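These notes concern the structure reproduced below.
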Amino acid sequence: MIEHILPFIKLSPTVKNALHHKLPIVALESTVISHGLPYPDNRDVTTQMMTAITESGAIPAVIALIGGEIHIGLTDDELEMFATRSDILKISRPDIAYCLSTKSLGATTVSATMICAAYAGIRVFSTGGLGGVHRGAETTFDISADLTEFSKTPILVVCSGVKSILDVPKTLEYLETQGVPIIGYQTDRFPLFFTHSSDYSLTQSLNNPHDIAITANLHWELGLPGMVVANPIPAHASIQGEVVEEWINEAVEQLNKSNVAGKAVTPFILSKVSALSEGKTLQANKALLINNARLAGQISVSLNEALCGSLCEFTHSYSLLRERRKG
Ligand code: PSU
Ligand code: MN
């Protein structure tokens, strides 16, 4: 399968070199840049996440769709473009082919980033929060494609749980049905994004990147696909659950009064909550993104030794195919 997909993939020189030398790589999504955070925080925090990954000993690779190609690793100008332009599509699993065939600019969500990272042989991906089961899903059926992706694509996603803008118990039930492991990093509680702990207990908890890497490798050796590592927001940046809940209830009320639906729901609630909190949630969001990037870098470094053979093979066939296409 990989052979057919390679012509659609454009690796940045840094990522290409990293694959060639079997260095650990961490994928980053672009929807959080284009639809999740305001400018210039979106650009600046992405740069800080990349630095955190580099400091952990891994190579960062922001993923986005540009001009009919899946870009793995962006230039500074491309990052600036995704941080500033308002005409960028939000791309989940169903939208990838359309975005490529129309040569549109596409920011990848968690589901699409997982798919594209897997094409390139990347196994670790860092983000802020997963999409999930929305409040009221029993009537709207609004359940993020992120959740089903974990039962299909072998990627480990480091995140800070989900925002309580979602129906958290239903999201956890859904992940369980999809067979998705959720490993709490140094915690046995599911973190709620802005809030570092919750009443939802986890059955799996590991205390260091090495043990997570061993478990992830075993998961994939067994032929099982995606997994979640839930990394709580650092305590100093955590906001009390009850406080966040008030902002969220207000945002959901505004949503219900509007005619916003579908893909626009998550960005709508995110920006309302940010405004209601007078920027406090933005600071928390940035802190957890950087913290997750650091942990993902460490896990990727630990995993690297166990996985290196397949990456080298990929890079070789990638180079051959691109040469053939150009010629
Ligand atoms: N949750 C956040 N911030 C985000 C997103 C989710 O706290 O930016 C983005 C991610 O890209 C996620 C997507 O994959 O929203 C989910 O969107 P939807 O609920 O429409 O599936
Ligand atoms: Mn949705």
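Counting convention: from 1, in listed order, for ligands and their atoms alike. Since we're looking at a predicted model, the values are computed, not measured. FYI, side chains are in, hydrogens and waters are out, and symmetry mates aren't considered; it's all heavy atoms of this structure.
A distance limit of 4.0 angstrom between heavy atoms and ligand 1 selects the residues E29, T31, V32, G36, K90, T109, V110, G129, G131, H134, S144, D146, K163, F193, T266, L270.
For the Mn ion (ligand 2), the tally of protein N/O/S atoms lying closer than 2.8 Å stands at 1.
In the hydrophobic clustering of this structure, Y39 does not group with M81; members are Ile, Leu, Val, Met, Phe, Trp, Tyr whose side-chain heavy atoms approach within less than 4.5 Å, directly or through other members.
Residues E138 and K170 are paired through a salt bridge, judged by an N-O separation under 4.0 Å between the basic side chain and the carboxylate. A salt bridge does not link D142 to R135: none of the charged nitrogens lies less than 4.0 Å from a carboxylate oxygen. A salt bridge links E149 with R93: the closest approach of a Lys/Arg side-chain nitrogen to an acidic carboxylate oxygen falls below 4.0 angstrom. Between E80 and R43 there is a salt bridge, with a side-chain nitrogen of the basic residue lying less than 4.0 Å from a carboxylate oxygen of the acidic one.
Defined by atom type and a distance below 3.5 Å, a donor-acceptor pair is present between the side-chain atoms of T127 and E29.
Expressed to the nearest 0.5 Å, how far OG of S238 lies from CG of L192 amounts to 9.5 Å.
Counting all heavy atoms, side chain and backbone alike, C99 lies closest to L105 at SG-C, 4.1 Å. Between I233 and T195, the shortest heavy-atom distance links the atoms CG2-C, 3.9 Å.
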